[in-house]
Engineer: 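Below is a structure I'd like to ask you about.
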Amino acid sequence: MTTIAQLSAYVGRPVALRGWLYGKRSGGKVVFLLVRDGTGGCQCVVSADAGAAFTAAQALTQESSLHIHGMVRADERAPGGYELEVAGVTPVGDAVDYPITRKPHGVDFLMNHRHLWLRTPRQAAILRVRHVLIQAMRRFFDERGFTLVDTPILTPGAAEGAGTLFSVDYFEDEVYLAQTGQLYLESAAMALGRVYCFGPTFRAEKSKTRRHLAEFWMVEPEIAYAELPDLVQWAEAFIVYLVEAALTHCRPELALLERDCTRLEAVKAPFPRVTYSEAVDLLHSDVIHEELQQAWAADRRQFEAWRARLETLEAERATARKSWQQEKLDRAIHALREDIRTLEESLRARPHYIEAARNFTWGTDLGGDEETILSRHFERPLVITEYPRAVKAFYMKPHPDDPRLVLNCDVLAPEGYGEIIGGSQREEDLDALVSRMQQEGMDLAPYEWYLDLRRYGTVPHGGFGLGVERTVAWICGLRHIRETIPFPRMMGRMTP
RNA sequence: UCCGGCGUAGCUCAAUGGUAGAGCGGGUGACUGUUAAUCACUAGGUUGUAGGUUCGAGCCCUACCGCCGGAGCCA
């Protein structure tokens with residue numbers, strides 16, 4: 001048995017394939033079967049002189065499974081350059097009225113058929129990139145002396161902020177699905193030095209945006225004897241490693257996804273770094289203001305250009321004779337209308353957007369808009385450190401020179417993909433940690449075990465978490481995070 | 001929770017308040033190399049639901065339901 005990926009090595013020789021029919025075209029005395037087998041796609045040519053195979057080929061429907069054999073040959077007319085001259089084809093499982101056609105579908109329809117949508121080349125490519133990236137994440141830590149430590153999914157309480165957790169009935173007690181493994185990892189780091197966890201995490205936030213999932217995967221390293229500058233270096237090296245892995249192993253997939261790889265090739269250490277306070281100054285600066293004004297003007301020109309283009313297309317549509325021309329124009333018009341609507345909405349909000357940057361007040365958390373402005377300014381992954389203590393979690397270590405700040409670091413992906421890493425140096429001093437928790441009104445009892453880490457041989461340490469799906473979305477250049485995970489769990493969607 | 005957009009054939013979408021349409025997909029047929037093939041014919045509808053305005057509603061108004069994505073929150 002041969003796979004489609006290997007075909008180029010079998011030119012002029014007979015092979016047998018097993019797969020599925022994803023498309024079919026026919027001339028009078030010839031049928032073209034488009035077969036995929038998980039490794040790639042191949043055009044299989046069945047001519048009328050193939051006898052029984054020709055009749056069988058004519059009867060095959062989209063997404064039926066089959067065995068097929070014949071001679072491999074190189075042909076310029078074949079997509080991919082190679083095709084199979086079929087000698088025989090045997091149906092395995094039939095497929096009647098397969099719902100996903102080779103024409104465009106809406107999001108809702110595709111999400112309801114996610115179990116079948118995965119079969120399309122684009123979705124399969126994304127899953128392969130996800131696999132390669134997850135492999136790279138594990139290898140990065142494995143090769144650097146980290147030990148994988150699995151942290152519990154059922155946990156008694158919130159690590160940072162309540163109200164965003166899913167509750168579960170646990171033998172008549174209320175417990176929660178974990179939103180981080182961090183506190184447990186800190187324990188493990190005191191045992192093993194360098195550790196990481198990799199697993200699903202759950203957030204009950206009522207967010208319906210292209211960046212949010214209710215269930216997503218996170219990889220979290222935790223490192224003993226590490227301080228903030230060490231963490232930033234680790235985060236930087238990690239991201240560079242992931243991008244390299246994608247560029248090395250996923251070129252065909254990225255090409256299929258039409259990803260602009262030059263943007264990824266520019267991802268090299270060191271990343272631009274700013275402190276939170278510098279970021280706020282930047283938001284207030286004339287440089288940024290000017291950039292935003294120019295972007296606004298450019299978008300307005302784009303808007304006018306698109307409007308003019310739309311009018312041209314509509315005029316062409318009105319006079320188009322052939323139905324295939326009309327169809328083609330309809331698709332172009334539809335896509336353009338959607339782009340125009342999105343841009344129009346963005347333009348409407350623009351004055352407020354620009355003013356919000358200018359009026360951003362020190363002490364509040366950076367919002368999505370501010371993140372986008374900053375990451376567009378640098379056009380590479382951006383490290384922002386030392387946020388106000390008030391907007392961050394209790395376990396973060398305050399800045400030794402300015403107690404209003406904490407020693408944390410976030411990494412923003414470029415191109416508007418948002419925060420992909422959040423991390424910090426942890427408070428390792430028992431008294432400081434206890435008083436901070438008391439200030440926050442926290443009940444210490446459930447955290448006694450966590451405080452023990454500070455009672456017995458405490459050391460400076462820290463770590464961070466990287467969101468797998470946001471990283472996949474960024475590296476693949478996807479518009480929406482829902483395509484980065486096989487079966488997304490989002491607000492209001494549970495099936496399939 | 002708030003704001004905005006959408007809901008018409010299996011799918012993607014059209015339709016000045018005036019007889020509900022096209023393409024794809026399905027079916028039948030034609031075509032010896034197709035590239036989301038093409039061409040001809042054909043079947044397919046309670047326009048999300050319930051009210052209201054009107055001589056007349058897919059279109060206007062109200063409420064509800066569903067979907068989309070933006071804010072807040074976050075990776």
Side-chain angles (χ1 to χ4, degrees), chain A residues 22-34 41 43 45-49 54 61-62 75-80 83 85 96-113 120 160-161 163-164 179-180 201-214 216-220 314 317 320 322-331 333-335 337-338 341-342 344-346 348-349 352-353 356 365-369 371 391 410-413 417-423 464-474 479-482 490-493:
Chain A
Y22 70 91
K24 186 172 79 173
R25 294 184 283 264
S26 63
K29 296 286 190 289
V30 63
V31 176
F32 299 94
L33 301 176
L34 305 178
Q43 170 167 287
V45 188
V46 196
S47 58
D49 18 308
F54 185 70
T61 56
Q62 192 191 0
D75 191 310
E76 280 183 355
R77 292 167 297 183
E83 64 184 13
E85 187 177 2
V96 181
D97 295 335
Y98 184 72
I100 300 182
T101 69
R102 302 188 71 201
K103 299 285 175 174
H105 293 281
V107 170
D108 191 39
F109 180 84
L110 290 172
M111 288 299 289
N112 288 332
H113 294 83
T120 62
E160 39 190 303
T164 59
Q179 61 173 354
T180 170
T201 188
F202 306 89
R203 303 280 165 92
E205 292 147 8
K206 295 189 174 176
S207 298
K208 294 181 68 169
T209 81
R210 66 187 68 184
R211 297 190 305 278
H212 285 87
L213 292 168
F216 65 97
W217 289 66
M218 190 156 68
V219 55
E220 298 175 85
E314 281 171 339
R317 172 68 176 79
K322 298 280 189 184
S323 63
W324 66 266
Q325 286 176 326
Q326 296 178 348
E327 194 196 339
K328 193 175 167 190
L329 286 167
D330 280 342
R331 279 202 300 273
I333 289 170
H334 188 245
R337 276 186 186 153
E338 201 168 294
R341 205 176 320 153
T342 308
E344 194 173 15
E345 200 171 316
S346 162
R348 214 179 7 250
H352 174 257
Y353 177 82
D365 207 356
L366 295 171
D369 288 350
E371 286 181 354
V391 300
D410 285 358
V411 180
L412 304 184
Y417 281 93
E419 188 181 339
I420 53 172
I421 278 184
F464 57 84
L466 173 129
V468 172
E469 286 76 15
R470 282 190 184 176
T471 303
V472 175
W474 162 50
R479 280 191 68 241
H480 202 296
I481 199 168
R482 67 182 152 228
M490 308 184 299
M491 207 182 134
R493 188 172 290 281

Engineer: Looking at B/rC68, I'd like to know if its phosphate oxygens (OP1 or OP2) sit under 4.0 Å from a side-chain N or O belonging to A/Lys208.
Structural biologist: yes
Engineer: Is the backbone of A/Gly418 close enough, under 3.5 Å, to the side chain of A/Arg470 for a donor and an acceptor to pair up by distance?
Structural biologist: no
Engineer: With a non-hydrogen cut-off below 4.0 angstrom, is A/Phe109 in contact with a base, only sugar-phosphate, or nothing?
Structural biologist: sugar-phosphate
Engineer: With heavy atoms under 4.0 Å as the rule, sort A/Gly492 into base, sugar-phosphate or nothing.
Structural biologist: sugar-phosphate
Engineer: Could you check which of B/rG69, B/rU34, B/rA71 has an atom nearest any side-chain atom of A/Phe32?
Structural biologist: B/rU34
Engineer: If we take the P atom in both B/rA14 and B/rG7, what is their distance in whole Å?
Structural biologist: 8 Å
Engineer: Can you tell me how far C1' of B/rU34 sits from CG of A/Leu34, to the nearest Å?
Structural biologist: 9 Å
Engineer: Quick one: which of B/rC74, B/rU12, B/rG72 gets closest to the side chain of A/His105?
Structural biologist: B/rU12
Engineer: Tell me the interatomic distance from A/Phe202, atom CZ, to B/rA75, atom P, rounded to whole angstroms.
Structural biologist: 16 Å
Engineer: Searching all strands shown, indicate the nucleotide that pairs with B/rA75 (Watson-Crick or G-U wobble; both distances under 3.5 Å).
Structural biologist: none
Engineer: Looking at B/rU34, B/rC68, B/rC74, which one has an atom nearest to any side-chain atom of A/Arg482?
Structural biologist: B/rC68
Engineer: Please state the C1' separation for the pair B/rA20 and B/rA15 - nearest whole angstrom.
Structural biologist: 8 Å
Engineer: Can you measure A/Asp108 atom CG to B/rC6 atom P for me and round it to whole angstrom units?
Structural biologist: 17 Å
Engineer: Taking the side chain of A/Val45 as heavy atoms from C-beta outward, which of B/rG33, B/rC68, B/rA75 is closest to it?
Structural biologist: B/rG33
Engineer: So, does A/Arg493 get its side chain near the phosphate of B/rC68, meaning an N or O under 4.0 Å from OP1 or OP2?
Structural biologist: yes
Engineer: Between A/Leu33 and A/Val46, is there a side-chain heavy-atom distance shorter than 4.5 Å?
Structural biologist: yes
Engineer: Between B/rA22 and B/rG45, how far apart are the P atoms? Round to whole Å, please.
Structural biologist: 14 Å
Engineer: Indicate, with a heavy-atom threshold strictly under 4.0 Å, whether A/Gln43 touches base, sugar-phosphate, or nothing.
Structural biologist: base
Engineer: Check whether any side-chain heavy atom of A/Lys24 sits under 4.5 Å from a side-chain heavy atom of A/Val31, and report yes or no.
Structural biologist: yes
Engineer: Select one nucleotide: of B/rU34, B/rU12, B/rG25, the one nearest the side-chain heavy atoms of A/Thr101.
Structural biologist: B/rG25
Engineer: Between B/rC68, B/rG72, B/rC31, which nucleotide gets closest to the side-chain atoms of A/Thr209?
Structural biologist: B/rG72
Engineer: Does a nitrogen or oxygen in the side chain of A/Arg211 sit under 4.0 Å from OP1 or OP2 of B/rA71?
Structural biologist: yes
Engineer: Could you check whether A/Ser26 gets within reach of a base, just the sugar-phosphate, or nothing at all, counting any heavy atom under 4.0 Å?
Structural biologist: base
Engineer: Where the side chain of A/Ile481 is concerned, which of B/rU12, B/rA75, B/rC73 is the nearest nucleotide?
Structural biologist: B/rA75
Engineer: Hey, which sits more toward the 5' end of RNA chain B by its nearest nucleotide, A/Met218 or A/Lys24?
Structural biologist: A/Lys24
Engineer: Is A/Arg210 touching bases, backbone alone, or none of the nucleic acid, heavy atoms closer than 4.0 Å?
Structural biologist: sugar-phosphate
Engineer: If I take atom NZ in residue A/Lys206 and atom P in nucleotide B/rC3, what distance separates them, rounded to the nearest angstrom?
Structural biologist: 16 Å
Engineer: Nearest of B/rC68, B/rG33, B/rA71 to any side-chain atom of A/Asp75?
Structural biologist: B/rG33
Engineer: Looking only at atom C1', what distance separates B/rG23 and B/rC64, rounded to whole Å?
Structural biologist: 34 Å
Engineer: So A/Leu213 and A/Arg203, do their side chains get closer than 4.5 Å, heavy atoms only?
Structural biologist: no
Engineer: Measuring only the P atom in each nucleotide, how far is B/rC2 from B/rC11? A whole number of Å is fine.
Structural biologist: 31 Å
Engineer: Among B/rG33, B/rG72, B/rG69, which nucleotide sits nearest the side chain of A/Ser207?
Structural biologist: B/rG72
Engineer: Reading RNA chain B from 5' onward, which residue's closest nucleotide shows up sooner: A/Gly465 or A/Arg77?
Structural biologist: A/Arg77
Engineer: Using atom CG of A/Asn112 as one end and atom P of B/rC67 as the other, report the distance to the nearest whole Å.
Structural biologist: 9 Å
Engineer: Expressed in whole Å, how much space separates the C1' atoms belonging to B/rG25 and B/rC3?
Structural biologist: 38 Å
Engineer: In the structure I gave you, are the side-chain heavy atoms of A/Asn112 and A/Arg493 within less than 4.5 Å of one another anywhere?
Structural biologist: yes
Engineer: Find the distance A/Lys29:NZ to B/rG29:P and express it as a whole number of Å.
Structural biologist: 14 Å
Engineer: Suppose you measure atom P in B/rU12 against the same atom in B/rG17; what distance do you get, rounded to whole Å?
Structural biologist: 25 Å
Engineer: How many Å lie between NE2 on A/His212 and P on B/rC68, as a whole number?
Structural biologist: 15 Å
Engineer: Is any side-chain heavy atom of A/Gln179 closer than 4.5 Å to a side-chain heavy atom of A/Phe202?
Structural biologist: no
Engineer: What nucleic acid atoms does A/Glu83 come within less than 4.0 Å of, heavy atoms only: base, sugar-phosphate, or nothing?
Structural biologist: base
Engineer: Between B/rG69 and B/rU32, how far apart are the P atoms? Round to whole Å, please.
Structural biologist: 48 Å
Engineer: Would you classify A/Gly27 as touching base, sugar-phosphate or nothing, given that sugar-phosphate means primed atoms plus P, OP1 and OP2, and contacts are heavy atoms under 4.0 Å?
Structural biologist: base
Engineer: Any side-chain heavy atom of A/Glu469 sitting closer than 4.5 Å to one from A/Trp217?
Structural biologist: yes
Engineer: Could you check whether any side-chain heavy atom of A/Ile481 comes within less than 4.5 Å of a side-chain heavy atom of A/Arg210, counting everything from C-beta outward?
Structural biologist: no
Engineer: Rounded to whole angstrom units, what separation is found between the CG atom of A/Leu110 and the P atom of B/rG10?
Structural biologist: 17 Å
